[in-house]
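First the structure, then my questions, so here it is.
In the text below, chain A, chain B and the rest are named by the order of the sequence lines, each starting its count at 1.
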Amino acid sequence: MTTTASLPDVSVAKRRKRRSKAPYLLVVPSILILVVGTGYPTVWQLVTSFKEFGLKQQFGQPAPFVGVDNYASLLTDPGFWGVIGRSLAFCGAAATITLLVGLGLAVLMQQISTFARLTLQISLLLAWAMPVVAAMTVWTWLFDRRRGAINYLLDKIPGVDMYRFDWLASPWTFFVVALVIVVWMSVPFVAFSIYAGLSQVSEEVLEAASLDGASGIKRLRLVVLPIIRPVIAIVALLQVIWDLRVFTQITMLQDAGASGTSYDLLGTYIFKIGTGAQDFGTASAASVLVLLLTVGISWWYVRRLLKEDES
Amino acid sequence: MSRRRLARLSLSALAIVIALIWVFPVYWMANSALLPNRTLQSFIPTFLPFGGSLDNLRAVVADGSFMTALGMSLSIALIVVVVCIAFAFLAAVAISRFRFRGRKSFVIAVLLVQMLPAEALFIAQYKMMAGLGQLDSVIGVSVIYTAAVVPFTVWMLRGFVAGVPVELEEAGMVDGLSRTGAFMRITFPLLAPGLVASGVYAFLQAWNEFTVALVLLPSEARHTLPLWLRGFIQASATRETDWGQVMAASTLVAVPIIIFFLFVQGRMTAGLVGGAVKG
């Protein structure tokens with residue numbers, strides 16, 4: 001009785017504004033786990049990136065602070081710049097190809113019969129669903145030097161000699177293989193997202209455009225693309241971020257073939273100095289640089305999602 | 001008109017060819033898993049699994065290391081799912097049903113953490129877990145996984161909670177329910193699909209994760225399935241690989257995931273691209 005009586009004057013909006021402890025209690029568990037799993041390691045890493053880890057530290061001596069020495073030595077090391085250049089080039093190439101192929105498939109899905117569309121969608125879903133590690137073993141098998149299906153099929157093309165071609169033996173072909181695999185895994189997400197975006201473009205708008213005399217290509221470029229631009233932008237940004245973190249793919253390709261520094265991208269590079277050489281200072285400095293890079297790239301995405309949260 | 005039909009027909013044919021190429025690796029995994037190693041040793045690939053058997057699969061399962069890795073993967077995934085859902089659900093309720101100071105900072109933190117690559121933190125996480133004596137431990141890995149998965153789960157569940165109109169709860173409160181009671185009796189049941197979808201998402205992440213597991217689980221006896229599967233490829237660098245077994249092992253790791261994934265895919269895409277696509 002008392003509750004019903006008090007309800008009218010305490011409107012819900014007011015109740016929400018009233019300072020209540022409830023929301024804070026609700027977010028405490030998530031904040032705790034984030035502090036332990038992400039926050040503390042980030043801070044530790046920042047601090048450690050200013051410390052020196054040499055031979056003495058492997059025998060238990062505390063690491064001294066050395067200022068920005070780790071950063072300085074990284075940024076003056078041509079090997080590190082090589083890794084950064086390769087990572088960015090790989091990321092750029094993978095993201096661009098993925099977007100173009102994804103966009104192409106999305107447009108294609110609109111033009112074809114239901115049966116063909118369903119076949120294509122099921123096949124893309126299956127590829128998308130493959131766990132990364134399983135996909136890597138299959139692709140390694142497909143690209144196998146001696147009995148791989150890819151060398152066999154390519155060798156069948158007249159004039160092409162791919163007999164026992166070792167794809168993983170030189171950095172160029174190594175990264176071509178990595179590119180094929182990463183694009184294969186990433187295209188489905190892009191294709192489905194853009195296809196979902198395309199289906200929002202209304203028939204009326206397209207009809208109006210064709211009445212005004214716009215050809216197929218013109219309609220796509222001048223009418224459809226501007227409408228789906230937000231989707232493409234978000235998908236592109238996610239691709240760039242995801243294609244910077246290809247540690248699993250590169251590690252497993254290195255397992256199957258060569259593993260020198262010229263086959264490294266940022267992830268495997270950090271892994272090697274951190275766990276192999278036990279140089280936690282330099283590894284942390286490199287990680288901090290990668291973190292800054294990622295946060296810089298993702299900032300725009302985060303702002304976009306924030307707007308959605310506020311609406 | 002007939003030219004248009006012809007164009008449509010040839011595009012459909014093209015789409016089917018692309019579909020076949022795209023699905024080929026998945027097919028190749030299953031095909032090779034069924035073939036005996038003798039057949040795979042031939043220099044001419046066998047494109048159809050005639051004369052195949054389940055022998056490879058049986059051999060992989062019979063080997064003790066698969067069961068150990070399966071046990072590790074399942075326990076980690078279950079812990080991550082349960083803890084993640086519980087924590088993320090509470091946080092999602094907080095940010096979609098309350099306006100409070102610090103809310104925006106929390107949302108920003110959630111969104112940013114979700115973007116951080118494992119490669120940029122794993123050395124620090126390794127040192128932290130080594131310091132706590134939690135290397136090779138299910139708990140250690142689960143903590144890191146949960147922290148990595150909670151942000152996206154919060155974001156995904158936020159959408160679900162916000163999708164249930166507050167007015168429904170208010171109606172319940174007018175009928176004499178307390179605020180918590182109204183939430184639990186009215187909104188919570190409507191969230192079931194969201195909770196299931198986020199649970200499956202968390203499961204997929206934990207099951208597939210490789211990078212952090214590689215650093216935090218150094219002993220072979222404590223390997224999860226992805227690390228166990230990697231062992232086959234590592235071995236292939238030095239000796240003749242039994243590709244039939246590797247593919248059988250990959251199939252065992254992949255099939256449950258493919259099934260789960262098909263189930264949750266729609267929800268995941270919606271969460272990632274957010275308002276840019278209204279389903």
Side-chain angles (χ1 to χ4, degrees), chain A residues 3 12 16 23 26-27 29-30 33-34 36-38 41 44-45 108 111-113 116 119-120 123-127 129-134 137-142 147 149 152 192-193 196-197 230-231 234 241 245 247-248 252 255-256 267 270 274 283 287 290-291 294 298 302 305 308-309, chain B residues 11-12 15-16 19 22-23 25-26 28-29 43 45 87 90-91 93-94 98-100 106-107 111-113 115-117 119-121 123-125 128 143-144 146-147 150 154 170 174 176 208 210-211 226 229-230 233-234 236-237 243 246 250 253-254 257-258 261-262 269 273-277:
Chain A
T3 3
V12 173
R16 299 265 133 102
L26 293 175
V27 292
S30 293
I33 195 91
L34 286 179
V36 174
T38 317
W44 181 90
Q45 190 152 272
L108 183 65
Q111 313 285 323
I112 54 182
S113 66
T119 313
L120 185 56
S123 130
L124 289 178
L125 269 177
L126 285 173
M130 277 284 270
V132 186
V133 185
T137 59
V138 183
W139 278 103
T140 314
W141 167 221
L142 281 168
R147 304 192 181 89
Y152 172 81
F192 278 104
S193 305
V231 189
I234 282 198
I241 287 166
R245 41 170 122 168
F247 178 83
T248 311
M252 289 200 55
D255 288 341
I270 294 174
S287 306
V290 175
L291 280 183
T294 323
S298 13
V302 170
L305 287 183
E308 187 197 326
D309 177 54
Chain B
L11 284 178
S12 299
I16 289 186
W22 224 271
V23 84
V26 183
W28 202 237
M29 173 179 79
F43 290 98
F87 287 11
L90 297 178
V93 171
F98 294 90
R99 294 281 172 270
F100 56 97
F106 177 72
V107 174
L111 292 174
L112 263 184
V113 168
M115 309 311 291
L116 299 183
E119 287 94 314
L121 281 172
I123 298 296
Q125 289 163 338
M128 178 175 91
V143 167
I144 301 295
T146 310
V150 151
V154 170
E170 287 169 5
V174 170
N208 287 342
F210 173 80
T211 311
L229 197 51
R230 180 208 185 203
I233 294 293
Q234 275 182 307
S236 81
W243 283 110
V246 182
S250 309
V253 175
I257 290 314
I258 293 182
F261 182 85
L262 297 182
T269 325
V273 274
V277 177

(message) Please rank Leu120(A), Leu124(A), Ile241(A) by heavy-atom pairs under 4.5 Å with chain B and give me the top one.
(response)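 Top count of heavy-atom pairs under 4.5 Å with chain B: Leu120(A).
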(request) Output the distance between atom OG1 (Thr140(A)) and atom CD1 (Ile233(B)), rounded to the nearest 0.5 Å. (result)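 Thr140(A) OG1 to Ile233(B) CD1: 4.0 Å, rounded to 0.5 Å.
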(request) Go through Val26(B), Ile144(B), Val246(B), Val93(B) and name the one with the most non-hydrogen pairs under 4.5 angstrom from chain A. (result)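 Top count of heavy-atom pairs under 4.5 Å with chain A: Val26(B).
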(message) Could you check whether any side-chain N or O of Ser12(B) sits under 3.5 Å from a backbone N or O of Ile112(A), counting only pairs where one atom can act as donor and the other as acceptor?
(response) no
(request) For Leu121(B) and Trp44(A), run side chain to side chain contact (heavy atoms under 4.5 Å, CB included): C-alpha distance rounded to whole Å, both residues' side-chain angles, the deciding distance at 0.1 Å, then the answer. (result) CA-CA 10 Å; Leu121(B) 281 172; Trp44(A) 181 90; over 6 Å; no
(request) Give, as side chain, backbone, both or neither, the part of Ile16(B) having an atom under 4.5 angstrom from any heavy atom of chain A. (result) side chain
(message) Which heavy atom of Ala116(A) sits nearest to which heavy atom of Ala15(B), and what is that distance?
(response)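 What the structure gives for the nearest pair is CB-CB, 4.4 Å.
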(message) I need the residue from Ala283(A), Ser287(A), Gly267(A), Pro131(A) with the largest number of non-hydrogen atom pairs under 4.5 Å to chain B.
(response) Pro131(A)
(message) Under 4.5 Å from any heavy atom of chain A, what part of Phe106(B) do you find: side chain, backbone, both or neither?
(response) side chain
(request) Find the one option among Trp141(A), Trp139(A), Phe247(A) whose heavy-atom pairs under 4.5 Å with chain B are most numerous. (result) Trp141(A)
(request) With a 4.5 angstrom heavy-atom cut-off, could you sort out which part of Val143(B) is near chain A: side chain, backbone, both or neither? (result)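 For Val143(B), heavy atoms of backbone and side chain both lie under 4.5 Å from chain A.
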(message) Just so I understand: if I count every heavy-atom pair under 4.5 Å between each of Ala94(B), Ala120(B), Pro226(B) and chain A, which residue has the most?
(response)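 Among Ala94(B), Ala120(B), Pro226(B), the one with the most close pairs to chain A is Ala120(B).
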(request) Answer whether the closest heavy-atom distance between the side chains of Phe261(B) and Leu125(A) falls below 4.5 Å. (result) yes
(message) Please find the pair of heavy atoms, one from Pro45(B) and one from Ala149(A), that lie closest to each other, and give the distance.
(response)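 Closest heavy-atom pair between Pro45(B) and Ala149(A): CG-CA, 4.1 Å.
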(message) Using heavy-atom distances under 4.5 Å, tell me whether Ser113(A) contacts chain B through its side chain, its backbone, both, or neither.
(response) both
(message) Distance check, rounded to the nearest 0.5 Å: Thr137(A) atom OG1 versus Arg230(B) atom CZ?
(response) 13.0 Å
(message) Once rounded to the nearest 0.5 Å, what's the spacing between atom OG1 of Thr248(A) and atom CG of Asn208(B)?
(response) 9.5 Å
(request) Might you point out which heavy atoms bring Pro41(A) and Ala124(B) nearest each other, and give the distance in Å? (result) O-CB, 3.3 Å
(request) Among the options Gln111(A), Met130(A), Arg245(A), pick out the one with the most heavy-atom pairs lying under 4.5 Å from chain B. (result)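 Of the options given, most contacts go to Arg245(A).
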(request) Starting from the C-alpha separation in whole Å, work towards a yes-or-no answer on side chain to side chain contact (heavy atoms under 4.5 Å, CB included) for Leu116(B) and Thr38(A). (result) CA-CA 9 Å; Leu116(B) 299 183; Thr38(A) 317; 3.8 Å; yes
(request) Mind listing the closest non-hydrogen atom pair of Ser30(A) and Phe87(B) along with its distance? (result)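 Heavy atoms of Ser30(A) and Phe87(B) come nearest at OG-O, 3.2 Å.
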(request) Applying side chain to side chain contact (heavy atoms under 4.5 Å, CB included), run through Phe210(B) and Val132(A) and close with a yes or a no. (result) CA-CA 9 Å; Phe210(B) 173 80; Val132(A) 186; over 6 Å; no
(message) Working to the nearest 0.5 angstrom, can you tell me the gap between Met128(B) CE and Gln45(A) CD?
(response)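 Reported value, rounded in 0.5 Å steps: 11.5 Å.
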(message) For Ile123(B) versus Gly274(A), what's the shortest heavy-atom pair and its separation?
(response) CD1-CA, 3.6 Å
